[in-house]
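This report concerns only the one structure given below.
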Amino acid sequence: MATYKPVVVQGFLKLGERITQDTVYWRGYKTPVQIKEFGAVNKIDFSPVSPYNYAVTASSRIHIYGRYSQEPIKTFSRFKDAAYCATYRDDGNLLVAGSEEGSIRLFDVSGRAPLRQFDGHTKPVHVVGFLSDMYRIFSAGDDYASSLWDIPSGTEIISYNEHTDYVRCGCPSKVNADVFITGSYDHTVKLFDTRMKSSVMTIEHGQPVESVLLFPSGGLLVSAGGRYVKVWDVLKGGQLLVSLKNHHKTVTCLCLNSSGQRLLSGSLDRHVKIYSTTSYKVVHSFNYATSILSLALSPEDETIVVGMTNGVLNVKHRKPEVRKEKSVKKRQPAYRTYVKGRTYMPKQEDFCVSKPVKRVLRKYDKLLKSFQSSKALDAVLEPPIRLYTPEVTVAVMQELHRRGTLRSALAGRDEKQINLLLTFVARRVIDPRFTSTLVTVADIITDIYQPVVGQSAVVDRQFLKLQKAIGKEIDYQEELLEVLGMMDTLFATFTRKRATYLEESKSNGLGETIETSMDN
Amino acid sequence: MVAPAKLRVVRCGGGNHHGARAVFSADSYLLCASGDFVKVYSVATEETLRLIGGHADRVTGIQLNPHNHMQLYSSSLDGTIKLWDFMDGIAIKTFTVGSVLVALYAPPSFEDSVFVVTAKNGNRDPFQLISVKLTKAAGQVVEAKELSVVLSGVDSSPKCIAFGREGEYVVSVKQFDLNIYFFRKKLAQRFSLRPSKVIDGSNQFSCVACHPTEDCIATGHSNGKIRIWRNFHHKKEYTYSTLHWHHDIVRDLAYSVEGTYLLSGGIEAVLVVWPNESDRQKDFLPRLGSPIEHISMAADGSQCCTLHTDNRITIIDSNLRFSKSIQGLIKSPNIKTGLVVDPRTKALVLNGEPGHLQFYCLQTDQQLFSLDIVQREYIHQAGLHQADLVKVAFGAQGKWLATVEEREEVTDPELQLKLWFFNEETQSFKLNTRINTPHEDHITDMCFREVEELEDDSLILVTTGKDRVFKVWLMVEDTDPEAQQRVSWSCDFVGSYHNYQATNCCFSEDGSLLAVSFEETVTVWDSVTWDLKCTFCYPPGKIRNMCFGRLTCSKYLIGSTDCGFLCCWNLLSCALEWSAHINVLVLQPDPLSEYIAAVSWLPEESSLFVFKPNETQPVYIQRNLCRLKIQLAAFVPRDEPEMVSSEKYLWLRRSQLFFLTETQELMTLSTKSLEERLTLSSKQLAVEESLPVTPFSLLLGKHRRHQSQEDTDLGKRVVQKQHEQESPAVKEVGSNYTHYKAMTDKSFHEASGLSLQLLHTPAHVLPSASFLCTIFINSLLISKENKSAEEVVADEVEMESEQAEDDSEEERDVAEVEQDDPSPVESLGELPCKLSKSQERELRKIRKMDYSWIAAF
């Protein structure tokens with residue numbers, strides 16, 4: 001015997017990106033805090049120790065920000081000209097920075113005046129950093145030289161003059177205190193061992209190198225230059241592992257997340273891309289307002305700080321983990337009530353009467369079952385359904401239309417209800433999933449309520465809104481058709497293949513709604 | 001006729017109308033007028049037990065003999081009343097009345113007369129209710145002479161007359177008048193309604209029913225109201241009350257046996273129960289599937305049954321619970337899907353009840369199951385456009401099913417293409433992919449590429465649409481492990497040809513070529529690269545049907561145009577091989593051989609041509625296949641090749657041909673002679689197990705029942721095993737079927753059963769010895785024909801199958817060609833010499849007709 005068949009609500013597959021664990025993780029940041037700096041931010045470095053302050057180098061100042069502070073908690077401003085590359089030592093006590101005038105200064109984080117000043121570079125120093133033994137500093141600059149300095153004595157240990165262009169980036173090895181690398185505009189990355197007189201490895205990147213990075217294990221090297229991010233295997237003698245081309249402008253900065261599983265790259269094309277370090281596929285990407293110069297991620301990925309060319313510092317904090325408070329447990333029936341009769345095993349001669357399964361119908365289905373069209377429409381116009389599942393509302397409207405009772409369901413409504421209906425229609429009619437049904441609905445509404453137009457300002461406004469929405473959509477469609485036409489012309493000129501190709505492209509343009517049933 | 005066996009057209013299901021209310025017999029049989037026959041169903045097993053035939057025209061009324069509950073009266077349009085012993089299907093007596101009879105009533109209070117409604121020749125009020133005295137005169141055929149008119153000017157519908165309590169009065173309704181005739185007082189009363197002027201339909205009477213114990217009449221009206229009339233003995237004092245639930249015409253009313261409640265039904269397919277004629281506490285049994293036509297109650301009040309417009313019978317419990325449904329070929333208002341054969345169950349698949357696909361088992365004349373395609377609530381209301389199934393196709397040996405449903409809209413049709421996958425575990429089809437608006441306009445044809453050797457993933461579906469394109473759908477595998485299902489379907493290619501509407505499509509046997517017809521042109525495409533290979537056309541007409549040849553004839557493409565031409569193109573030379581002037585309606589290739597059947601239509605007759613594309617002579621011609629227009633045809637593969645006596649019928653060896661006519665009668669062609677088929681019915685004279693249990697039988701039958709039960713159980717088990725192999729989807733009706741098979745297979749045990757019965761029956765009850773002799777001897781022989789028993793339940797009639805030579809258009813064509821084409825005369829020389837002269841003459845006659853085929857050369 002047939003039973004009542006509920007209204008079929010067509011689910012539609014969401015187009016666009018698929019939600020993965022990565023997207024969930026990287027979306028878990030609050031809205032960014034914007035801090036205005038004096039100039040382009042060229043370096044951001046997090047203190048490796050708690051409370052994870054970060055040093056921001058912009059123009060002639062170095063600002064140190066606390067984790068949630070909007071204002072700098074400390075400023076180093078003893079530079080005559082631009083400062084570069086303020087970097088923390090591994091214990092978080094010392095800070096070193098290069099400068100435009102060629103000197104390197106070492107600061108105590110708690111102090112104000114520089115502890116040491118290393119002079120020797122003849123041109124601006126863009127790269128400075130501590131080696132992992134914490135007593136030596138490496139530096140490189142526009143004079144093509146890479147130097148090594150001793151902190152206690154304040155003297156130069158060795159200087160390499162191997163690059164043939166500006167050196168703009170460098171990185172020490174975490175595992176070996178004698179190894180550091182530099183990348184230069186001469187398209188090479190060089191690996192230096194302080195015990196040797198010359199570089200031990202040279203890697204040809206192919207573009208001016210903007211940023212280099214060594215993996216914590218020291219085995220892999222990442223270089224960024226031009227639009228490419230390239231990963232090299234150092235232990236295999238600098239073999240290219242993978243070359244990534246996901247940005248369409250120069251990549252300026254690289255960064256690893258705290259676990260080392262994800263690699264982040266920032267670029268002048270205003271994007272930060274996040275790669276998985278196992279598959280080297282982009283798993284997520286962020287969008288920023290202007291070109292990105294520097295990028296840093298705090299330990300535990302709590303904060304993403306991005307510095308941009310216009311001097312804006314963009315700080316994103318991770319949302320606190322929402323711990324779901326377990327709702328008060330519903331009192332369940334007592335155990336003995338629950339097991340009543342369930343322990344009985346039917347014997348062979350027993351005649352079992354199965355309990356009829358009660359089918360739960362939604363409210364609108366109940367009303368439709370008893371042919372109460374108007375009330376069914378009211379039921380689906382209630383806020384939760386109307387706002388969050390408009391497809392249900394539209395499905396019921398379609399069902400009413402199919403039954404031929406849509407007109408009577410729409411008729412006889414007061415100002416408030418018409419207002420509600422028209423708001424819904426005007427908002428959803430441009431959605432391609434709902435257009436065909438809602439156009440009919442809009443037709444019927446205008447037909448029914450034509451005589452009362454002009455009596456209520458609210459309703460009139462809604463009508464105008466609807467008109468505007470439809471007009472806008474028509475313009476939009478026309479534009480799209482123009483684009484399609486242009487594309488067709490392009491395809492026709494470029495492709496050698498005959499008409500069949502054209503037809504295929506056209507079919508894609510039609511955009512069939514192909515929907516794979518989820519409920520089955 | 002010397003020819004050994006001639007092909008006979010046999011009707012095997014569908015098409016019949018229920019002309020009158022069904023009747024429950026005292027021992028749980030259901031008797032039902034169905035076309036020219038009366039069918040006897042078993043209420044317990046839902047199967048057709050017997051088909052009682054003998055009337056020359058439609059049966060219009062059946063009533064049990066009130067004085068002998070084993071006998072049945074039936075009236076027919078042929079002007080006779082017949083008295084039957086319905087247990088044996090024997091006509092006891094025939095009373096000829098003369099004029100057309102449209103209804104029959106047999107109220108128990110009248111000793112030896114029945115009432116019929118006859119048509120008079122007069123212009124006004126042509127129908128009158130007359131009482132017929134049934135004489136006890138000897139003889140099979142008796143003329144009923146004692147006729148007396150009771151009421152004149154009655155309605156032709158049998159539902160418009162009812163007999164009151166103990167036959168004291170008779171009520172007739174017609175349009176706005178209610179007439180009551182009191183037999184004892186010989187007085188007539190007339191009550192007239194004022195025609196209502198309200199918009200919601202007129203208040204004409206549509207049916208009437210009388211309370212069995214009180215003076216109370218219920219009348220149904222066209223506007224859905226029911227009126228209960230009382231105190232109608234006096235013209236002035238009558239009262240009535242109104243019950244209203246139906247929104248459309250009340251089709252039938254019935255009182256319960258005690259008169260405690262009233263049943264009503266109509267187009268809404270809802271059975272409404274009105275207890276105590278009150279508007280409150282009414283009860284409903286909704287969603288019965290299709291509009292209710294007749295309602296009848298069993299004499300003991302334990303069951304009631306409703307007959308529906310789509311030929312279905314529903315049996316309902318006394319506590320208003322759906323109990324059983326007897327359904328053969330469900331009649332659908334419009335069969336759009338065509339006849340498709342399910343490769344898995346070999347069942348015929350076509351439109352069933354709205355939005356459903358019915359799987360009809362040809363062997364048992366029962367519906368295997370009904371698959372809900374549209375999955376939406378169907379509303380029984382006139383003038384609503386609701387989604388219905390229009391196309392269906394099976395792919396990959398029945399693993400995939402593609403369906404198209406559409407809803408007619410003023411602006412643009414709402415289309416959905418659904419693809420179903422057969423789930424082996426649940427033994428049913430499961431929805432895999434739904435595609436909204438696959439085409440901009442109606443879909444005209446759809447086919448799968450059937451390739452046996454290749455893997456599943458090469459499945460291709462092609463749809464053609466009126467939006468001037470054909471689309472190729474491909475099964476794609478989802479690589480994402482998180483996806484819910486592995487495969488889904490998506491569009492792969494869209495092709496068009498000069499902006500013509502695409503009308504038909506089909507794949508060649510090996511799947512390498514796709515032929516799509518665009519109005520007048522047939523285009524052939526490579527199914528790998530989707531390049532247009534070549535085009536064919538036969539100018540003036542648009543392509544109506546098209547198919548590829550098979551096996552040895554796979555290089556031919558056959559097409560028929562709506563100008564009345566059948567053409568065959570050679571795909572190798574890309575040229576027309578031959579053409580013939582035949583107005584082909586249906587073109588159906590046999591999937592197992594190279595034969596192709598074409599059914600042509602000239603006004604008033606359909607003809608069948610069977611041919612091989614590589615031969616210019618048709619293999620078989622049957623003129624005047626049937627008077628009705630044949631809509632659809634299908635070849636159903638046989639389980640095992642049949643032995644065919646004559647070379648002429650070789651094409652029937654592997655598969656059987658079925659036709660569906662305009663009136664939705666299903667027909668087939670059979671080589672078996674009439675006698676062979678009739679022997680079956682004598683077998684059914686077996687012991688009826690379901691006789692009412694009496695103390696006597698309890699005493700005596702205990703031992704016997706025990707024995708026979710063992711037998712049936714044995715048979716059942718064997719049969720079930722067979723059945724599982726054959727068709728796994730038969731679950732639903734499986735039990736009935738097995739029961740049925742058990743009955744037939746049991747013919748083996750009949751021998752002992754029948755002889756025992758003979759010996760145990762008192763001699764004075766037995767018919768004459770000469771009558772029993774053949775049956776007795778037959779029963780002693782061990783039957784070898786268990787297989788033929790499958791063809792069963794045969795409502796088969798022999799149709800006219802003479803090769804009548806009408807002077808049709810076609811015939812004249814032939815005559816013209818004859819003069820300028822001598823070739824067939826030459827071919828006569830090749831005839832095998834062992835033919836007798838009469839056969840030769842016969843053959844020559846047939847050859848003469850074939851000339852039209854060669855006309856193209």
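In what follows, chains carry the letters A, B, and so on, assigned in the order in which the sequence lines appear, proteins first and then strands, with residues in each chain numbered from 1.
- The number of heavy-atom neighbours closer than 6.0 Å to NZ of Lys282(B), taken from other residues, nucleotides and ligands shown, is above 12.
- Residue Arg433(A) holds its CZ atom at 12.0 Å from CG of Asn436(B), rounded to the nearest 0.5 Å.
- Atom CZ of Arg376(B) and atom NZ of Lys5(A) lie 11.5 Å apart (nearest 0.5 Å).
- Enclosure of atom OH in Tyr280(A) by more than 12 non-hydrogen atoms of other residues, nucleotides or ligands within 6.0 angstrom is indicated.
- Only the side chain of Arg407(B) has a heavy atom closer than 4.5 Å to any heavy atom of chain A.
- Counted within 6.0 Å of CD on Gln467(A), heavy atoms from surrounding residues, nucleotides or ligands total 12 or fewer; the atom is thus considered open.
- Annotation for Tyr476(A): atom OH does not count as buried by contact number, only 12 or fewer foreign heavy atoms lying within 6.0 Å.
- Interface residue Gln416(B): only side-chain heavy atoms are found under 4.5 Å from chain A.
- Counting only heavy atoms from C-beta outward, the side chains of Arg403(A) and Glu377(B) approach each other to under 4.5 Å.
- Residue Arg321(B) places its CZ atom among 12 or fewer non-hydrogen atoms of other residues, nucleotides or ligands, all under 6.0 Å distant.
- At a 4.5 Å heavy-atom cutoff, His439(B) makes no contact with chain A through either its backbone or its side chain.
- Closest non-hydrogen pair, Arg434(B) versus Val8(A), comes out as NH1-CG1, 4.2 Å.
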